[in-house]
Amino acid sequence: MESRASHKTEASLSVPRHVAIIMDGNGRWAQARGLERSAGHVRGVDTVRLITECASEAGVEYLTLYAFSTENWNRPQAEVDTLMHLIVMAIERETPDLIKNNVRLKVIGDTERMPAEARERLMRCVDETSHDTGLTLVLALSYSARWELTRAMRLMGSDVESGKLDPEGITDATVEKYLATTGMPDPDLLIRTGGDMRVSNFLLWQIAYSEIYVTQKYWPDFSKDDFMDALADFKRRQRRFGLTGEQVSSSDK
Ligand code: IPE
Ligand code: IPE
Ligand code: MG
């Protein structure tokens, strides 16, 4: 019965607590205009600022943005360098505004792979916003779900070996403690821009019951109205978590 009660709470929430976004289509946006792919990444940064503001105003508690995947390290070196440079520059530039808007920045991913200086600069921004209590902006950087899950398994294995963890006692909640997103609610809504119907190694554990919204719009074109459309679409969904529609509507009353 306890879990039924929590379904009721989630089903009746009209604003998603946690929105995760696969920000895709920067390259195609630029190429369609005869520009270099990097021009799309530059414009994509503006969209990040806009959507962060919008999510905060809408009352979203967590916004997780997929900025750079583990697989993106395999892109041409010049594009990787541009992206790293842009991400760190943008975060540094925006940090005073993040603080002003009470936004707490968090980074998830294998940041050890980043150049040391970039990582240090980024971590400084994370520290500077650590006391903020408004929206939590989670940047998935050098992130992939398989990296996260493999790391979790390695850590669990070592805790089992040292006697800190009893394998028989492992539950969903135990696994959650070993994830990079520990302590955060799972995404209620997963948005992907750029039209592709795939999840590209993003938050595979956490999106088990997320509502998925794919838009054809490329990320640099994604507007506040588009974000609000996604929230409105979310509001119309019936989240059943494996139950029947009747069970959900009766526990909603
Ligand atoms: C998303 O845009 C940004 C990153 C993956 C870093 P892309 O660069 O993937 O743009 P498309 O998908 O090629 O258009
Ligand atoms: C997903 O976009 C990763 C990010 C948005 C950072 P990709 O462009 O890397 O995904 P695929 O290659 O189309 O699956
Ligand atoms: Mg892409």
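Remember, it's 1-based here, ligands and their atoms both numbered in the order they're listed.
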Value for OG1 (Thr129) from CG (Asn102), rounded to nearest 0.5 Å, stands at 10.0 Å

field: N, O or S from Asp24 under 2.8 Å to the Mg ion (ligand 3)
entry: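 Here the distance criterion (N, O or S atom, under 2.8 Å) is met by Asp24, so yes.
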
Under the 3.5 angstrom rule, does the side chain of Asn101 hit a backbone N or O of Glu53 as a donor-acceptor pair?
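Not confirmed, Asn101 side chain does not pair with Glu53 backbone.
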
Take the angle between the ring planes of Tyr209 and Phe241 and call it parallel below 30°, perpendicular above 60°, tilted in between.
tilted

Check: In terms of side-chain heavy atoms, does His18 have a donor or acceptor partner in Thr64 at a distance below 3.5 Å?
Finding: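 His18 vs Thr64: donor-acceptor pair found between side chains.
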
TODO: Could you verify whether a donor N or O on one side chain and an acceptor N or O on the other, from Ser200 and Arg192, lie under 3.5 Å apart?
DONE: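 Side-chain D/A pair, Ser200 to Arg192: present.
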
Result for salt bridge (charged side-chain N to carboxylate O under 4.0 Å, His left out) between Glu211 and one of Arg240, Arg237, Arg236 points to Arg237

Check: Is the NZ or CZ atom of Arg75 both under 6.0 Å from the centre of the six-membered ring of Trp73 and within 45° of that ring's axis?
Finding: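 Verdict for Trp73: no cation-pi partner in Arg75.
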
Would you mind writing out a table of all protein N or O atoms found under 3.5 Å from any N or O atom of ligand 1, naming both atoms and giving the distance to 0.1 Å?
{"residue": "ligand 1", "atom": "2 (O)", "partner": "Gly25", "partner atom": "N", "Å": "3.4"}
{"residue": "ligand 1", "atom": "2 (O)", "partner": "Asn26", "partner atom": "N", "Å": "3.2"}
{"residue": "ligand 1", "atom": "8 (O)", "partner": "Arg37", "partner atom": "NH2", "Å": "2.9"}
{"residue": "ligand 1", "atom": "8 (O)", "partner": "Arg75", "partner atom": "NH1", "Å": "2.8"}
{"residue": "ligand 1", "atom": "9 (O)", "partner": "Asp24", "partner atom": "OD1", "Å": "2.9"}
{"residue": "ligand 1", "atom": "9 (O)", "partner": "Arg75", "partner atom": "NH2", "Å": "2.9"}
{"residue": "ligand 1", "atom": "10 (O)", "partner": "Asn26", "partner atom": "N", "Å": "3.2"}
{"residue": "ligand 1", "atom": "10 (O)", "partner": "Gly27", "partner atom": "N", "Å": "2.9"}
{"residue": "ligand 1", "atom": "12 (O)", "partner": "Asp24", "partner atom": "OD1", "Å": "2.8"}
{"residue": "ligand 1", "atom": "12 (O)", "partner": "Arg28", "partner atom": "NE", "Å": "3.4"}
{"residue": "ligand 1", "atom": "12 (O)", "partner": "Arg28", "partner atom": "NH2", "Å": "2.9"}
{"residue": "ligand 1", "atom": "13 (O)", "partner": "Arg37", "partner atom": "NH1", "Å": "3.1"}
{"residue": "ligand 1", "atom": "13 (O)", "partner": "Arg37", "partner atom": "NH2", "Å": "3.1"}
{"residue": "ligand 1", "atom": "14 (O)", "partner": "Gly27", "partner atom": "N", "Å": "3.3"}
{"residue": "ligand 1", "atom": "14 (O)", "partner": "Arg28", "partner atom": "N", "Å": "2.7"}
{"residue": "ligand 1", "atom": "14 (O)", "partner": "Arg28", "partner atom": "NE", "Å": "2.8"}

In ligand 2, the atoms that come under 4.0 Å of a heavy atom of Arg198 are 11 (P), 13 (O), 14 (O)

